[in-house]
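Notes to accompany the following structure.
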4 protein chains.
Amino acid sequence: MAKVASSIAPPESKPRGRQRSSECEAAILSATTELLKKKSLREITADAIVQRAGVSKATLYKWWPNKNLVALDAFLANMRTNVGIPNTGSAVEDFKLELEAVIRFYTSPTGKTFRQFVAEGQSDPEFLEVFRERFLRARRDETSIMWERGVERGEIRDDVDMDLGMDLIFGPMIYRLLAGHASLDDAHAEAMIEVAFRGLQKKPQ
Amino acid sequence: MAKVASSIAPPESKPRGRQRSSECEAAILSATTELLKKKSLREITADAIVQRAGVSKATLYKWWPNKNLVALDAFLANMRTNVGIPNTGSAVEDFKLELEAVIRFYTSPTGKTFRQFVAEGQSDPEFLEVFRERFLRARRDETSIMWERGVERGEIRDDVDMDLGMDLIFGPMIYRLLAGHASLDDAHAEAMIEVAFRGLQKKPQ
Amino acid sequence: MAKVASSIAPPESKPRGRQRSSECEAAILSATTELLKKKSLREITADAIVQRAGVSKATLYKWWPNKNLVALDAFLANMRTNVGIPNTGSAVEDFKLELEAVIRFYTSPTGKTFRQFVAEGQSDPEFLEVFRERFLRARRDETSIMWERGVERGEIRDDVDMDLGMDLIFGPMIYRLLAGHASLDDAHAEAMIEVAFRGLQKKPQ
Amino acid sequence: MAKVASSIAPPESKPRGRQRSSECEAAILSATTELLKKKSLREITADAIVQRAGVSKATLYKWWPNKNLVALDAFLANMRTNVGIPNTGSAVEDFKLELEAVIRFYTSPTGKTFRQFVAEGQSDPEFLEVFRERFLRARRDETSIMWERGVERGEIRDDVDMDLGMDLIFGPMIYRLLAGHASLDDAHAEAMIEVAFRGLQKKPQ
DNA sequence: AGCTAATCGAGACGGTACGTCACGTCTTAAT
DNA sequence: ATTAAGACGTGACGTACCGTCTCGATTAGCT
């Protein structure tokens, strides 16, 4: 993470000196995870992380450039149990289930960090890009399978750009998540998909 | 600003002492506006504002609790020249023009502050609420006129909740604005409105 | 107070306009007196005085240049009930009684302000001079009567400078008062006078 | 300084991390010394000290709770070249020389800080105590040697409490120093000792 | 009776220093 | 070489008090 993968050569004589402690990395990530449950990203300090992890500040800054990227790594590490995407045979149903699942996640204790990553990204373009590539794109790659299945089955119009379609489906939810001007629940998901798909699906004619 | 309008009594004898200097307020707001053109909200400091405004820090903190609300007041003060909403006779056209205008604003030097307000709101719920009430709601109230015209003319289905419809129209744009995963221009606006309205408009038959 | 006595002309036609309110002056002085009972001179603020006195800050600064001089006026106003000096017929006894009385005063709630005046004087030479002239000199003028009686009665050597003698008698007490390195009570007064007078008094021979 | 000496264990393995920079401490103390030559203790600001020392404010506040204690440390550091006490064989002569020396010091550029320490102590009892213990007591311990020599040689009465005697000798000088009502020089020292010792010394008979 | 001027309460204002906080870097001794 | 401990410079924070100022209201002698 945040580091270059240690490259190729497998025999690779170890460098001199003490080796990087994977325990340190784990301690930092899990400390960060714990802190994120209690406080917002902005409120968490690098000092708090290292203290809770029983690790020195130099160690943290040796492996990560700043605490946002630590938090991102911690966040991603907790997503490995990756929910499979639904496959009901109907694109509308699939996206409805998916949207519900995503809403549940984003409003969960862990998922609410998402909003804070987007927020941090507004004043740190590099971070925003990393976040986009490592989180958003991964999610979109998964959901694109659902999209393609819909297109192949003739449920989704093939003249609609997928990115546009995806934004139509998930954009309103993101907007509500960030602006908080309206509620977010299963009912909303259903209604939203209903209307959106009226614009996306092929006419049955 | 930041203060409640002093309510009813119109003759309203002035309070005893020295009156609040409107020059100070103006200086602070315009200094903030200038700084926002050059730096992000996060980078701007209260010290920089007061120094540029030639005003004491105590004065700033006397009238505003923090610099975010100063920036919001400055932002709103610059919007008084309020764009009238379009009225072409066609709801699709109206929303297309409106979405294009909004995109142009949000990507303009002044409008890019919008993203930063949303960002700040993520770690400051109170600020988010103020921002929502004083900016977002005002915009939505305006656009709701367009929506209602569309409904009355029979262009927009009357069984679609307006809030949901608005989010469907503007949500995708906000999402792209904040996540930056895809471009935002007139072409996008057109395509987005096209698809969204297929779900929103009444069948012609 | 703190103002030059309004000079010569006794009939003196009053100046036009509203006259200085003696209630204001009294309110300020008594508010200051009250505050001095609870807090040290350093801790008291001009704002606190005017608030407690129900008076405006401009009024305070119109008649006094700073709060130290207000406090000095308040202090002096509370000393009008001027303790007569003792007159037992014996200089040693007189000074013993006087020293005891002075110690009692300086360690009383009112008198402990004395220390703070001396303290303020260290960083404000002008104030020190005013304090010296208006308080210390008045006290010394009183005590000088005791001294002179002693000299006349032949109890005190006439070749000792009075100022030096006074400092010998009161200096040690002031020192203890300010440095706090030893106790101050009647016993100390007695012992101190005992020793000091052995140096001051005429040999009985 | 300002920290407790780290007690007993002489081998004392150094603590883990980066050590306190003695350069910082030295820079702070010498900057403070310089500033004290030009300004009064009250006028000196923590900002000015750290700026002149090229040190951060956090560092100063890490090691000292306030600037008074910094100044005290700086003051004491400049006294290490400790004047030996006189030893002429005569207590009167010894104390006369000592009083002259002390007067010279207290009226010197460095020594005039003494008055300001006493002044600060009046509104900060804790500081007064530290000042007393670390400065006054040290001086008194030194001078007590002179006193004891005098007692042993039979020059000073053995029924006079030493603290009382000391105050009789030095109190008047302190009084004049702080109140400024009379001059302080060698002539004064001589006269004062003359009179004081008449009360302190054993009758020759 | 009005005019005019000094005074008053209220409190806004510019200024200066405060002491705290978090950041990210650096130093040291131990592993 | 990497670690834990933790000192350090930087820079912003929000608060406090100072002494000045601007208001409109009040008061009283003078015309």
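Reckoned from all heavy atoms, side chains included, excluding hydrogens, waters and symmetry mates. First the proteins, then the strands, lettered A, B, ... as listed; each starts at 1.
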Q. Does a nitrogen or oxygen in the side chain of B:W63 sit under 4.0 Å from OP1 or OP2 of E:dC13?
A. yes
Q.
Expressed as a whole number of angstroms, how long is the span from C:W64:CH2 to F:dC18:C1'?
A. 18 Å
Q | D:E120 bridged to C:R42 by N-O distance under 4.0 Å | A | yes
Q) E:dC23 P sits how many Å from A:D124 CG, rounded? A) 14 Å
Q) Would you find more than 12 non-hydrogen atoms of other residues, nucleotides or ligands less than 6.0 Å from B:E126 atom CD? A) no
Q) E:dA22 P sits how many Å from A:N68 CG, rounded? A) 15 Å
Q: Could you walk me through whether D:D47 and D:K67 pass the salt bridge (charged side-chain N to carboxylate O under 4.0 Å, His left out) test, one step at a time?
A: CA-CA 10 Å; D:D47 285 290; D:K67 71 169 175 177; over 6 Å; no
Q: Can you tell me the distance, in whole Å, between the CZ atom of B:R42 and the P atom of F:dC13?
A: 12 Å
Q: Mind calculating the distance between CG (A:L60) and C1' (E:dC23) to the nearest angstrom?
A: 12 Å
Q: With a 4.0 Å heavy-atom cut-off, tell me which residues in residues 43-59 of chain B come close to DNA chain F, sorted by residue number.
A: B:T45, B:A46, B:D47, B:K57
Q. With ring centroids as reference points, do B:F117 and B:F75 lie under 6.0 angstrom apart?
A. yes
(Q) Enumerate the side-chain hydrogen bond (donor to acceptor under 3.5 Å, both in side chains) contacts for residues 26-36 of chain A, please, sequence neighbours excluded, ordered by first and then second residue. (A) A:T33-A:N78, A:E34-A:K37
Q: Starting from P on F:dC21, measure out to CD on B:E23 and report it in whole angstrom.
A: 16 Å
Q. Hey, is the main chain of D:V118 close enough, under 3.5 Å, to the side chain of D:Q122 for a donor-acceptor pair?
A. yes
Q: Let me know the distance between NZ of C:K62 and C1' of E:dA5, rounded to the nearest Å.
A: 11 Å
Q | Separation of E:dG14 P from B:Y61 OH (nearest whole Å) | A | 15 Å
